Amino acid sequence: MADQLIRATAAEGGIRAVGVITTRLTEEARQRHQLSYVATAALGRTMSAGLLLASNMKRAESRVNIRIKGNGPLDGILVDAGLDGTVRGYVDNPTVELPPNSRGKLDVGGAVGNDGYLYVVRDVGYGYPYTSTVELVSGEIGDDITHYLVTSEQTPSALVLGVFVGSEGVQAAGGLLIQVLPKAARDEALIQTLESRVAALSGFTPLLQAGKTLPEILGELLGDMGLEILPETQLVRFHCGCTFDRMLGALKMLGEAELQDMIEKDDGAEATCHFCGTVYQASSAELSQLIADLQSEASAK
């Protein structure tokens, strides 16, 4: 099944629901960054969460950045996701591996750590991003982002994230976000029903592995609440906007002395994009041109 995102409403517009499948893009991230099992699960969950959070933004260029900084050996995670369905990300220590937790699952909470912070930056396209910071609850990603939604956005929310990694790579990944909007937020019975149904889920990836589609999964949760699935199915993908020209622009910011040192010591420069792992090579001639550009700009002032 292709990586995709669907949106839906229920309870006469009082519930907003979004589902996303990210199996292929999580596998691409695993290969690009040579991730361990637990690092794959951590990054995959965070990328799914980023796409879910970005899905309710309005302007086409809107993006969400999620930074998780915990006291575990993974150190940190950074994800950038857009309303356009693109996402990218990386972990600070991609080779970290831990034994399974007490439930026999990948120990994402132990890898991230439960002491630290979650930072969410929403860029709505007007040049003034909104930043929120909350303390980590468990390091399991889903719990932490649910805590952010409740405390920072004051929206009752249920978030389910999952990544199943086997010996041949990522076999299933994705998530669900269900939110009770203000018009229904006072209906305590509705909220309790949603909480019990989400808690009863065996997990998200087992449903995908059983062949369930996103509409079927949402139907099981919300089918008796007037579920309406919006007609557009959005494809999602791993995508990084880095280019060779952008890399040269970053090198140029180092200044003449540093560029000259690279020419003399290394006969060029090599730069790797943190987000996608792409390696760029700049020759001595290209670095010399950057120096010439800097000198020309200085003389023109």
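This chain uses plain numbering: 1 for the first residue, then up along the sequence. Keep in mind that what you see is a predicted model, and the values were worked out from it rather than measured.
- With contacts defined as side-chain heavy-atom distances shorter than 4.5 Å, the pair Ile77/Ile141 qualifies.
- In terms of modelled atom types and a separation under 3.5 Å, the side chain of Asp144 and the main chain of Val137 share a donor-acceptor contact.
- Applying the side-chain hydrogen bond (donor to acceptor under 3.5 Å, both in side chains) test to every pair with at least one member in residues 37-47, sequence neighbours left out, gives these pairs: Arg45-Glu140.
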Checklist entry - Can you check side-chain contact (heavy atoms from CB on, under 4.5 Å) on Thr23 and Gln171, steps first, answer last? => result CA-CA 6 Å; Thr23 305; Gln171 298 179 13; 5.8 Å; no
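- Nearest heavy atom pair, residue Asn56 against residue Arg122, reads OD1-NH1, 3.7 Å.
- In the hydrophobic clustering, Phe164 connects to no other residue, as no ILVMFWY side-chain heavy atoms lie under 4.5 Å from its own.
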Check residues 240-254 and write down every donor-acceptor pair under 3.5 Å in which the side-chain atom is one partner and the other belongs to a residue at least two apart or another chain.
| residue | atom | partner | partner atom | Å |
| --- | --- | --- | --- | --- |
| Thr243 | OG1 | Arg246 | N | 3.1 |
| Arg246 | NH1 | Gly241 | O | 3.1 |
| Lys252 | NZ | Glu297 | OE2 | 2.6 |

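- Residue pairs meeting the ring pair (Phe, Tyr, Trp, His ring centres under 6.0 Å) criterion with at least one member in residues 38-73: none, sequence neighbours excluded.
- Residues Glu264 and Gln260 bring a donor and an acceptor atom of their side chains to less than 3.5 Å of each other.
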Checklist entry - After noting the C-alpha distance and the side-chain angles of Ile263 and Ser288, does the key distance pass the side-chain contact (heavy atoms from CB on, under 4.5 Å) rule? => result CA-CA 8 Å; Ile263 293 172; Ser288 295; 3.5 Å; yes
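- Across all their heavy atoms, Gly89 and Phe238 have their closest contact at N-CE1, 3.9 Å.
- In this model, no donor atom of one side chain and acceptor atom of the other lie less than 3.5 Å apart for Asp3 and Thr22.
- A donor-acceptor pair is defined here as one N or O able to donate and one able to accept, closer than 3.5 Å; no such pair exists between the side chain of Thr155 and the backbone of Leu149.
- The minimum heavy-atom distance linking Gly113 with Leu136 is given by the pair O-CD1, 3.4 Å.
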Next on the checklist: Using side-chain hydrogen bond (donor to acceptor under 3.5 Å, both in side chains), reason through Ser138 and Asn114 one step at a time and then give a plain yes or no.
Outcome noted: CA-CA 5 Å; Ser138 69; Asn114 59 10; over 6 Å; no
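- What you find for Pro99 and Asp107 is that their closest heavy atoms are O-CB, 3.6 Å.
- A search for side chain to side chain donor-acceptor pair (under 3.5 Å) contacts involving Asn65 returns nothing, not counting sequence neighbours.
- Linking ILVMFWY residues whenever their side-chain heavy atoms come closer than 4.5 Å, directly or via other members, leaves Met47 and Leu78 in distinct clusters.
- Looking at residues two or more places apart in sequence or on another chain, you find no side chain to side chain donor-acceptor pair (under 3.5 Å) involving Thr272.
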Checklist entry - Yes or no on side-chain contact (heavy atoms from CB on, under 4.5 Å) for Thr133 and Tyr148, after CA distance, side-chain angles and deciding distance? => result CA-CA 8 Å; Thr133 304; Tyr148 152 75; over 6 Å; no
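- Cluster annotation: Val198 is connected to Ile15 through the hydrophobic network of ILVMFWY side chains, with a link wherever side-chain heavy atoms come within less than 4.5 Å.
- Under the 4.5 Å side-chain contact rule for hydrophobic residues, Tyr119 and Leu159 do not share a cluster.
- Counting all heavy atoms, side chain and backbone alike, Leu218 lies closest to Ala8 at CD1-CB, 4.1 Å.
- Applying the side chain to side chain donor-acceptor pair (under 3.5 Å) rule to Glu135 yields no partners; only residues at least two apart in sequence or on another chain are considered.
- A donor-acceptor pair is defined here as one N or O able to donate and one able to accept, closer than 3.5 Å; no such pair exists between the side chain of Asn93 and the backbone of Val96.
- Judged as a side chain to side chain donor-acceptor pair (under 3.5 Å), and not counting sequence neighbours, the contacts of Asp80 are Arg63, Arg88.
- Residues Ala2 and Leu235 share a closest heavy-atom pair of CB-CD2, 4.4 Å.
- Leu53 and Tyr130 fall within the same hydrophobic cluster, defined by Ile, Leu, Val, Met, Phe, Trp and Tyr side-chain heavy atoms under 4.5 Å apart, directly or through other members.
- A single hydrophobic cluster is not seen to contain both Val121 and Val134; linkage of ILVMFWY side chains at heavy-atom distances under 4.5 Å, directly or through other members, places them apart.
- With respect to Glu27 and Arg24, no salt bridge is recorded, no charged nitrogen being found less than 4.0 Å from a carboxylate O.
- Val38 is listed as a side-chain neighbour of Val108, based on a closest heavy-atom distance under 4.5 Å.
- Within the 3.5 Å criterion, the main-chain N or O of Glu28 finds no donor-acceptor partner in the side chain of Gln31.
- The ring pair (Phe, Tyr, Trp, His ring centres under 6.0 Å) analysis of residues 260-300, with sequence neighbours excluded, yields the pairs Tyr90-His274, Tyr90-Phe275.
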Item to check | From CA spacing to verdict: side-chain contact (heavy atoms from CB on, under 4.5 Å), Asp123, Glu61 | outcome: CA-CA 8 Å; Asp123 185 347; Glu61 60 270 35; over 6 Å; no
Next on the checklist: As a quick check of understanding, evaluate salt bridge (charged side-chain N to carboxylate O under 4.0 Å, His left out) for Glu220 and Lys212, giving each step before the final call.
Outcome noted: CA-CA 10 Å; Glu220 292 180 3; Lys212 298 286 187 180; 2.9 Å; yes
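- A donor-acceptor pair under 3.5 Å is absent between the side-chain atoms of Asp261 and the main chain of Glu258, judged by distance alone.
- Glu195 meets the side chain to side chain contact (heavy atoms under 4.5 Å, CB included) test with Ile191; sequence neighbours excluded.
- Counting non-hydrogen atoms of neighbouring residues, nucleotides and ligands closer than 6.0 angstrom, the CD atom of Glu228 reaches no more than 12 such neighbours.
- Looking only at side-chain heavy atoms (C-beta outward), Asp224 and Leu222 stay at 4.5 Å or farther from each other.
- For residues 66-79, the set of pairs meeting the side-chain hydrogen bond (donor to acceptor under 3.5 Å, both in side chains) definition, not counting sequence neighbours, comprises Arg67-Asp92, Lys69-Asp75.
- Ser196 places a side-chain N or O within donor-acceptor distance of the main-chain N or O of Thr193, the cut-off being under 3.5 Å.
- Among Val236, Val20, Val18, Ile6, the single residue meeting the side chain to side chain contact (heavy atoms under 4.5 Å, CB included) criterion with Ser55 is Val18.
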Result block: side-chain N/O donor-acceptor pairs under 3.5 angstrom for residues 173-180, not counting sequence neighbours:
| residue | atom | partner | partner atom | Å |
| --- | --- | --- | --- | --- |
| Gln179 | OE1 | Arg16 | NE | 3.3 |
| Gln179 | OE1 | Arg16 | NH2 | 2.8 |
| Gln179 | NE2 | Ser157 | OG | 3.3 |

